[in-house]
2 protein chains.
Amino acid sequence: MSDKSRSGRRNNTNPESTRREILQAALEVLAKDGPESLSVTEVARRAGVNRGTAYQHFPTREDLAHATASWVSERIYDEFYGDMVEQSELSKVYPPDVALARLCNFAMNNPELSRAWLFDVMSTQGVVTDRFWKKYVKELSQFAEGGYGRENIDVEVFAFISLSSALLWPIWVGAHAKGSKARAKMQKRFMDEMMRLTLFGSLTREHYPELVERYSGPVDAEDDAAPAA
Amino acid sequence: MSDKSRSGRRNNTNPESTRREILQAALEVLAKDGPESLSVTEVARRAGVNRGTAYQHFPTREDLAHATASWVSERIYDEFYGDMVEQSELSKVYPPDVALARLCNFAMNNPELSRAWLFDVMSTQGVVTDRFWKKYVKELSQFAEGGYGRENIDVEVFAFISLSSALLWPIWVGAHAKGSKARAKMQKRFMDEMMRLTLFGSLTREHYPELVERYSGPVDAEDDAAPAA
DNA sequence: GGGGTACTAAACATCAGCGTTGACTACTGA
DNA sequence: TCAGTAGTCAACGCTGATGTTTAGTACCCC
């Protein structure tokens, strides 16, 4: 009697799905406490999988950590760029508000991936080789070089600022915003301020003629006289 | 002979200094791997102190964690605002390039405090009550309300963007910049781009009249016509 | 039905961190 | 000088994680 299904056995013949479940659980742990706190035991527990099974898929803790890292990297890329297939190469350039909304929605809907990415940035290794980061910078470069961005932009720095703050914001908000309505409102605040910032900056230029002088490249010179109007 | 100083005993009559050494070591561990990885054993080892001594100062691991957190919070505040004593209340407002340089230098010279702060932001608790954060926002508000910032700025969001990216940047850079010269160069790149961004934004406004329309508050309206010049 | 694959269960040795305890040392004050 | 106290240390038992091993069960396909 009920001998066949005893003791919560999984009976999963598909190793792929088990592997994914383990990686998903690993992502959750990773996003919670960072890569140093990732333990095989905890991951297996979360995945609802026997510890031995986890060790079957990933021989050591380090293997699991590395596999999780690259899996996360792939997932971020797919989640973010998956549905805009190969089109950005030559076709249209997304308008900045759409692109920003895309980024912010990604961050809000994927807090675990965001956290994992940020932990990776903070790790000693760095994410410079990350596919997602490289594509993001490349797209921003194309955008800027297309004449839509100011010519003396430091694209990498701007990419870093926008990316890191957009991914960190929902985390920061989640820590002290009550309901989902409040969170959505905070999300809007971020998008609005970011758009405002990229459109106009934050300083009243009239007060700082010497800074305007110093920081405006030769091409932006015509802009300096403007605020006086 | 040499019985009195046997076995590397510390012979430290001053508990304050021992406590500081422990806290300093705790900060190092905290900055390295995050709050979840903070272990009394590792901290004691780093501090060159017996584990028992650490337990005398901080009865449990949690006590050490909390004490470290508030100590770090205090240190960030002091390190950043310590030498501008009470003067910012009514007297002068620092020019934005000086303030930014101050922030960036702090981040570069105190990577551990920066990392600790960022880990705190990423923790579930949040840093909203942090003295440093509150003062930073307050100063920025005074600055903006003094007419030096655009009127429709969302100060909190802008504070978050500038603070988080300024503190995260040196960490990101440190992960893949070779010498100190390269790091200094990267630091300058960040400051330049940040100044450029706050002065001018990142978009060529001519291309986005509808965005300019949408995101410019009533007070900034006179600025819209400017770029056409 | 038999063999291979995927998973579970349980036990083991090893190691590291936690928290406690008792003893040792140095300074203090009567 | 001598007891008391504060600071420090070494050792102990406990827990939990790592990685390995062995035995066993369910499933699939030939």
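Naming: A, B, ... by sequence-line order, numbering from 1 per chain.
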Can you tell me the distance, in whole Å, between the [atom1] atom of [X] and the [atom2] atom of [N]?
X	N	atom1	atom2	result
A:Glu21	C:dA6	CD	P	15 Å
A:Arg61	C:dC15	CZ	C1'	14 Å
B:Arg46	C:dG17	CZ	P	12 Å
B:Glu42	C:dG17	CD	C1'	11 Å
A:Asn50	C:dA10	CG	C1'	9 Å
B:Arg51	C:dG17	CZ	P	9 Å
A:Leu38	D:dA17	CG	C1'	12 Å
B:Tyr55	C:dG19	OH	C1'	5 Å

query: Within 45 degrees of the axis of the six-membered ring of A:Trp71 and under 6.0 Å from its centre: does A:Arg75 put its NZ or CZ there?
result: yes
message: Both conditions, 6.0 Å and 45 degrees, for the charged tip of B:Lys135 above the ring of B:Tyr81: are they met here?
response: yes
OP1 or OP2 of [N] under 4.0 Å from side-chain N/O of [X]:
X	N	result
B:His57	D:dG7	no
A:Thr41	D:dG16	no
B:Thr53	D:dC9	yes
B:Thr18	D:dG7	no

task: Please lay out, stage by stage, how B:Glu112 and B:Lys32 fare under the test salt bridge (Lys or Arg N to Asp or Glu O under 4.0 Å).
output: CA-CA 8 Å; B:Glu112 287 165 354; B:Lys32 187 167 175 290; over 6 Å; no
message: Mind checking if B:Arg45 touches a base, just sugar-phosphate, or nothing, with heavy atoms under 4.0 Å?
response: sugar-phosphate
field: Closest approach of A:Asp154 to B:Glu193 (non-hydrogen atoms, all atoms of both residues)
entry: N-OE1, 2.9 Å
query: Side chains of A:Tyr55 and A:Thr60: do they bring a donor and an acceptor to under 3.5 Å?
result: no
- request: Tell me which of A:Gly52 and A:Ser39 sits closer to the 5' end of DNA chain D, going by the nucleotide each one is nearest to.
  value: A:Ser39
